[in-house]
**Student:** 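Quick one: this structure, given as structure tokens, is what I'll be asking you about.
Remember, it's 1-based here, ligands and their atoms both numbered in the order they're listed. The structure displayed is predicted, hence computed values, not measured ones.
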Amino acid sequence: MSANTKYIFVTGGVTSSLGKGIIAASLAKLLQARGYTVTIQKLDPYINIDPGTLNPYEHGECYVTDDGAETDLDLGHYERFLNVRTSQANNVTTGRIYQSVIEKERKGEFLGKTVQVVPHITDEIKNRIKLLGKTGQYQFVITEIGGTVGDIESLPYIEAVRQLKWEMGHDCTVLHLTLLPYLATSGELKTKPTQHSVKLLLEYGVQPDILVCRSEHPIGKDLRKKIALFCNVSTDAVIEALDASTIYEVPIHMEKEKLDEIVLKKLEMEQETTVQLDKWKEFLNKFHNPKKEVSIGLIGKYVELKESYKSIAEALIHAGAVNDCKVKVSWIHSESLSEENIAEKLNGLQGVLVAPGFGNRGIEGKIAAIRYTRENNIPFLGICLGMQCAVIEFARNVLNLKDAHSREMNPATNSPVIDLLEAQKNISHMGGTMRLGAYPCHLEENTLAYKIYGKSDIQERHRHRYEFNNEYTKKFVNAGMVLSGVNPDAGLVEIIELPSHPFFIGVQFHPEYKSTVENPHPLFVSFVKAALK
Ligand code: GLN
């Protein structure tokens with residue numbers, strides 16, 4: 001076996017949204033299941049430095065890593081599939097590439113040269129690709145190139161792939177994901193769009209080695225031969241990717257199609273290893289054969305785009321499987337809720353999750369929902385803004401601080417139970433200035449949180465600016481709220497709960513980011529269990 005890190009590039013053709021991230025994660029899973037070390041990286045061709053400042057309607061959820069990087073939601077899939085942590089190095093945008101090239105230019109590092117897309121931008125892209133390989137931690141680095149081949153924005157990335165393929169030879173392979181549209185009138189799968197997108201790649205000097213073809217119908221032998229012939233790949237390198245009932249089936253489909261075998265062959269790696277997916281299959285088995293069902297309301301303000309709450313939805317799926325139950329999620333728009341209609345809107349739900357978010361829109365609906373769950377003993381999980389809303393609700397309706405609010409929503413409130421830290425008050429930039437990434441949290445014994453985690457020291461990921469205002473600690477505690485998790489260094493409140501309620505817990509952090517197929521998050525597992533009761 002060669003000691004060199006092997007690089008696999010995943011490009012996409014014909015249309016966007018074919019699921020490059022899932023294919024990349026599935027391939028990584030298969031290689032990992034053969035005993036190899038693998039990581040996946042996403043290169044995003046947009047000019048934002050990171051997706052942190054993007055509205056969720058643009059690109060869905062912003063995923064946060066341990067090291068505090070605000071990244072593309074595909075990194076969430078990578079972690080959920082591989083159960084291996086990612087970092088800033090796993091997500092690079094055009095904005096970040098240009099930023100570092102321009103910084104080097106200002107420092108005079110280019111020695112008077114004209115700074116150009118080729119070679120300076122492409123060199124920076126190549127460096128970022130090789131960075132993960134250089135750590136020596138991985139035998140395979142899979143790099144997913146965002147966008148669709150032919151986009152103006154992705155050209156420098158494709159050029160970097162061309163150069164690397166030329167430099168690395170058998171240490172590098174290119175997998176191209178395309179679509180075979182089905183024409184109902186003639187009852188045929190059409191290969192022309194695939195041929196065209198491969199031609200386009202060839203124009204840029206890149207011959208794909210493997211074609212993964214998304215299709216609604218099985219791809220027959222003849223069609224595979226035809227695609228192989230027109231696109232200069234071997235027939236066994238034409239892989240069928242049928243629509244799957246869940247993304248977690250895709251590794252199994254890809255194994256049947258021998259995607260891992262062809263990749264190892266192209267990279268001249270030994271193929272004697274076998275795929276061990278027992279744990280994965282056990283999860284799938286539970287997922288497909290639930291014994292019970294539970295209805296959970298997910299209350300947020302971006303519910304029209306389900307991608308906005310990707311990690312939460314996936315964490316609920318993981319937690320459902322552990323509990324042998326199907327979690328039916330009702331997506332509820334917080335703007336549609338009021339004190340008047342809340343009983344009717346939450347009718348039939350066995351648990352309520354109030355989602356993270358920013359800004360005033362829909363805030364009163366969230367607060368009304370929390371009041372209802374508190375007063376009617378419905379299991380409640382509040383995440384980040386959801387926890388902050390639980391604090392506001394308690395202040396207003398139990399502590400009788402009628403104008404209690406977060407300073408974010410009402411800067412003039414007399415009862416800022418959620419507030420900015422002094423240190424944050426002078427920050428003017430929006431990007432990258434929140435409390436981001438993993439922070440320690442100490443759990444008090446004999447609390448629900450302690451029972452859920454089964455230990456007293458945990459680490460969870462954050463993405464917020466505002467905090468529980470410790471000036472009110474006494475009032476809350478005296479009224480029966482338990483501040484069960486606290487940051488040991490700063491004394492910031494991380495978890496609140498109500499012991500008088502069967503399951504009422506709010507967390508300032510984002511547990512959803514850490515839930516994986518192999519390690520479902522204990523908070524979600526316990527929440528679903530409580531809802532089942
Ligand atoms: N808007 C809140 C804050 O900045 C909560 C953020 C969130 O829910 N991620 O503190």
Side-chain angles (χ1 to χ4, degrees), residues 50-66 68-71 73 76 298-303 305 307-313 315 333-335 352-367 369-370 380-393 395 404-411 413 416-439 441 460-470 472 485 487 490 492-496 505-515 523:
D50 60 40
T53 53
L54 289 174
N55 184 318
Y57 289 130
E58 293 282 314
H59 283 273
E61 160 188 288
C62 171
Y63 185 79
V64 178
T65 55
D66 273 340
E70 298 180 275
T71 72
L73 59 75
L298 197 162
I299 301 178
K301 67 168 177 176
Y302 308 109
V303 290
L305 185 69
E307 300 272 284
S308 310
Y309 303 110
K310 193 81 205 159
S311 293
I312 293 177
H333 204 297
S334 47
E335 273 184 311
V352 169
L353 190 156
V354 176
F358 294 83
N360 212 2
R361 191 161 68 89
I363 201 86
E364 294 304 326
K366 288 184 173 177
I367 294 171
I370 294 168
F380 162 76
L381 173 60
I383 300 180
C384 209
L385 181 62
M387 172 268 199
Q388 297 177 353
C389 288
V391 169
I392 297 165
E393 189 279 318
H405 222 319
S406 161
R407 191 86 77 182
E408 178 184 9
M409 318 302 165
N410 177 8
T413 174
V417 289
I418 303 291
D419 203 354
L420 272 187
L421 294 182
E422 271 315 308
Q424 293 230 286
K425 287 193 177 153
N426 294 323
I427 289 172
S428 57
H429 278 41
M430 295 301 272
T433 54
M434 285 187 268
R435 183 144 81 104
L436 287 167
Y439 283 88
C441 171
E460 291 283 4
R461 299 182 196 171
H462 291 249
R463 182 173 188 251
H464 58 101
R465 231 175 233 110
Y466 293 81
E467 308 279 353
F468 179 92
N469 185 346
N470 270 325
Y472 291 87
N487 176 300
L492 297 168
V493 173
E494 310 282 33
I495 309 179
I496 56 122
I505 190 162
V507 293
Q508 183 59 80
F509 47 78
H510 290 265
E512 70 274 22
Y513 293 143
K514 280 177 83 169
S515 187
L523 257 171

**Student:** So which protein residues pack against ligand 1 under 4.0 Å, heavy atoms counted?
**Tutor:**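 Contacting ligand 1 under 4.0 Å are Pro356, Gly357, Phe358, Cys384, Leu385, Gln388, Glu408, Arg463, His464, Arg465, Tyr466, His510.
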**Student:** Applying side-chain hydrogen bond (donor to acceptor under 3.5 Å, both in side chains), name anything that partners Asn410, two or more places apart in sequence or on another chain.
**Tutor:**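 Result, side-chain hydrogen bond (donor to acceptor under 3.5 Å, both in side chains) vs Asn410: none returned.
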**Student:** State which residue, out of Gln388, Glu512, Glu61, fulfils the side-chain contact (heavy atoms from CB on, under 4.5 Å) condition with Pro356.
**Tutor:**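 Single pass found, and it is Glu512.
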**Student:** Have a look at Asn469 and tell me which of Leu420, Leu421, Val391, Asp419 forms a side-chain contact (heavy atoms from CB on, under 4.5 Å) with it.
**Tutor:**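 With Asn469 as partner, Leu420, Leu421, Val391, Asp419 yield a single side-chain contact (heavy atoms from CB on, under 4.5 Å), made by Asp419.
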**Student:** Using the salt bridge (charged side-chain N to carboxylate O under 4.0 Å, His left out) criterion, which residues pair with Glu460? Sequence neighbours excluded.
**Tutor:**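 Salt bridge (charged side-chain N to carboxylate O under 4.0 Å, His left out) check on Glu460 returns nothing, list empty.
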**Student:** With sequence neighbours left out, what residues match Tyr309 under ring pair (Phe, Tyr, Trp, His ring centres under 6.0 Å)?
**Tutor:**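 Here no residue qualifies.
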**Student:** Is it the case that the side chain of His462 and the backbone of Gly437 share a donor-acceptor pair, with hydrogens and angles ignored and the cut-off at 3.5 Å?
**Tutor:**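 A pair under 3.5 Å: no.
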